There are 2 protein chains.
Amino acid sequence: MKASVHNHDEALKDLRAKMPDDKLLCDLGDLFKVFGDTTRIKILYSLFEFELCVCAIAELLCMTQSAISHQLKVLKTAKLVKSRREGRTIVYSLADDHVRSIIGQGYEHLTEE
Amino acid sequence: MKASVHNHDEALKDLRAKMPDDKLLCDLGDLFKVFGDTTRIKILYSLFEFELCVCAIAELLCMTQSAISHQLKVLKTAKLVKSRREGRTIVYSLADDHVRSIIGQGYEHLTEE
DNA sequence: GTATCATATGAACAGATATTCATATGAAAG
DNA sequence: CTTTCATATGAATATCTGTTCATATGATAC
């Protein structure tokens, strides 16, 4: 695992102490992985203003109900969306404002200069 | 592509007009995909305070120089890190503050309640 | 009850991706 | 100019992931 000869032990000793634990970093990666798919980004974006039922999202994005349902499950597991039954349809909405913030930051990074 | 019988054309007509174009949504997904890997998150985190050379990161994360180099290329292509030559080592640092903001928002989402 | 509508789910397959290994590049030291 | 050090890169592989297809669940209407 020794990748080099030159020494940075002093710098690394300090850094190692400050690094968050593996579990957290792993969870962070997993969270962003959820944002890292065009379909899921589109679903989240479509829920920015209104809540929508599954088939509305499917129709909007021109995709299969099954595909949307699978992705909604991923989003729900990550607590990015929540759902509510209304008769026989199930209505999804954003879970909280972090979704908007995170996407907003990403948007800024992309559009800036 | 018709996924249902019940009608939401009025709601969708409005929404369709407001959706950002596909290219942007795709780019957003691609950006978050870069954050969606534990190794890359660790690399970014290790650069939060100091700049580091490739072999320092490899040593810190107990990974191959090659693996780190490959991931640094991904991060650089996404403009999340920048590099500078210094003698025969190459020193990497965060490209801008969006990285910290985005990771910070993710962290909040995870640790909240 | 039975039929229909809305959604969920499991298995399977195709495409994407992270690491490894071997090697190439490129700078400094001797 | 040869050697060594630091990094980059290409190909190969094993793993992961998103969609599809078929089907199950669960609620309403008749």
Side-chain angles (χ1 to χ4, degrees), chain A residues 1-8 11-12 25-26 29-44 47 51-78 81-93, chain B residues 1-8 11-12 25-26 29-44 47 51-78 81-93:
Chain A
M1 220 53 78
K2 186 80 176 177
S4 78
V5 166
H6 85 235
N7 194 302
H8 14 56
L12 291 192
L25 294 168
C26 205
D30 288 343
L31 174 63
F32 287 118
K33 204 171 287 176
V34 178
F35 285 93
D37 174 77
T38 308
T39 299
R40 288 192 292 265
I41 287 281
K42 286 180 182 174
I43 293 176
L44 292 174
L47 296 174
E51 51 182 19
L52 290 172
C53 65
V54 180
C55 63
I57 300 174
E59 198 179 330
L60 174 68
L61 304 185
C62 302
M63 290 184 67
T64 304
Q65 173 270 321
S66 178
I68 299 299
S69 193
H70 276 297
Q71 297 302 354
L72 281 169
K73 183 170 192 179
V74 175
L75 290 169
K76 197 174 180 184
T77 302
V81 304
K82 58 188 176 193
S83 65
R84 174 186 106 240
R85 182 174 280 280
E86 190 170 279
R88 52 185 159 189
T89 83
I90 293 187
V91 181
Y92 281 84
S93 55
Chain B
M1 222 51 82
K2 186 83 174 176
S4 78
V5 166
H6 85 235
N7 194 301
H8 14 56
L12 290 193
L25 294 168
C26 205
D30 287 344
L31 174 62
F32 287 118
K33 204 169 289 177
V34 178
F35 284 93
D37 175 78
T38 308
T39 300
R40 288 192 293 264
I41 287 281
K42 286 180 182 174
I43 293 176
L44 291 174
L47 296 174
E51 52 181 21
L52 290 172
C53 64
V54 180
C55 63
I57 300 175
E59 197 178 333
L60 175 66
L61 305 185
C62 301
M63 291 183 66
T64 304
Q65 173 271 321
S66 178
I68 298 299
S69 194
H70 277 295
Q71 298 301 355
L72 280 169
K73 184 171 191 178
V74 174
L75 290 169
K76 196 172 180 185
T77 301
V81 303
K82 59 190 176 192
S83 65
R84 176 186 103 240
R85 181 175 280 283
E86 190 171 280
R88 50 185 159 187
T89 84
I90 294 185
V91 181
Y92 282 84
S93 54

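Chain letters run A, B, ... following the sequence lines, proteins first, then strands; residues in each count from 1. Predicted model only: the values in this text are computed from it and were never measured.
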field: First of A:Y92 and B:V74 reached from the 5' end of DNA chain C, by closest nucleotide
entry: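 It is A:Y92, whose closest nucleotide lies nearer the 5' terminus.
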Looking at [options], which one has an atom nearest to any side-chain atom of [X]?
X: A:T39; options: C:dT19, D:dT7, D:dT19; result: D:dT19
X: A:C53; options: C:dC5, D:dA6, C:dT7; result: C:dT7
X: A:S69; options: C:dT17, C:dT19, C:dA8; result: C:dA8
X: B:Q71; options: C:dA8, C:dA18, C:dG26; result: C:dA18
X: B:A67; options: C:dT7, C:dT20, D:dA8; result: C:dT20

Which whole-number value in Å describes the distance from [X] [atom1] to [N] [atom2]?
X: B:D37; N: D:dT17; atom1: CG; atom2: P; answer: 10 Å
X: B:K76; N: D:dT9; atom1: NZ; atom2: P; answer: 9 Å
X: B:M63; N: C:dT19; atom1: CE; atom2: C1'; answer: 7 Å
X: B:K33; N: D:dT17; atom1: NZ; atom2: P; answer: 12 Å
X: A:I68; N: C:dA8; atom1: CD1; atom2: P; answer: 11 Å
X: A:R84; N: C:dA8; atom1: CZ; atom2: P; answer: 14 Å
X: A:R88; N: C:dA3; atom1: CZ; atom2: P; answer: 15 Å
X: B:K73; N: C:dT17; atom1: NZ; atom2: P; answer: 15 Å

- request: Look at the side-chain N and O atoms of A:R85 and state whether any lies under 4.0 Å from the OP1 or OP2 oxygen of C:dT7.
  value: no
message: Tell me whether the side-chain N/O atoms of A:H6 come closer than 4.0 Å to OP1 or OP2 in D:dC5.
response: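 Answer is no, no contact under 4.0 Å.
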Note, [X] side chain near [Y] side chain (heavy atom, < 4.5 Å):
X: B:I68; Y: B:L61; value: yes
X: B:Y92; Y: B:L47; value: yes
X: A:L75; Y: A:V34; value: yes
X: A:K33; Y: B:D37; value: no
X: B:K76; Y: B:L72; value: no

Record whether the side chain of [X] comes under 3.5 Å of the base of [N] through a donor-acceptor pair of N or O atoms.
X: B:S66; N: D:dT9; value: yes
X: B:Q65; N: D:dA8; value: yes
X: B:H70; N: C:dT20; value: yes
X: A:T89; N: C:dT7; value: no

